[in-house]
Amino acid sequence: IRLLLHRVIAMPNPSASDVEGSIDVMGDWAAELSAFVRAAGLDSGLHDAVLTQFAAASAAGHGDAAWTRIAEYTADDPHR
């Protein structure tokens, strides 16, 4: 089977979204991670900062976009 795996070509599903992880989904993950770090008594500053970018992007109506778009948003300018 291993010798044949390189011959298998995955056919894309035309109805599937190109977004692997949306802003809203990854924002939920970031919130859980931030809470976990805080509960462990660690500095959650970095995680909280990233979480504000997810929240700003979602508030701007881009929750279904790819999570990498958070780089376009900052907490002080959520409607950019």
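What you see below is based on every heavy atom in this structure, not just the backbone, and it leaves out hydrogens, waters and symmetry mates.
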- [ ] State, yes or no, whether a side-chain contact exists between L33 and W29 at a heavy-atom distance under 4.5 Å.
- [x] yes
TODO: State yes or no: do V50 and M26 share one hydrophobic cluster built from I, L, V, M, F, W and Y residues joined by side-chain heavy-atom distances below 4.5 Å, directly or via other members?
DONE: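 Result: yes, single cluster for both.
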Task: Exam field: side chain S22 to backbone V25, donor-acceptor pair closer than 3.5 Å - done: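 Checking the backbone N and O of V25 against the side chain of S22, a donor-acceptor pair under 3.5 Å is found.
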TODO: Determine whether the side chains of S34 and D48 contain a donor N or O and an acceptor N or O closer than 3.5 Å.
DONE: yes
Nearest heavy-atom neighbours spanning [X] and [Y]:
| X | Y | result |
| --- | --- | --- |
| V37 | D43 | CG1-O, 3.7 Å |
| I23 | A57 | CD1-CB, 3.6 Å |
| S58 | D24 | OG-OD1, 2.6 Å |

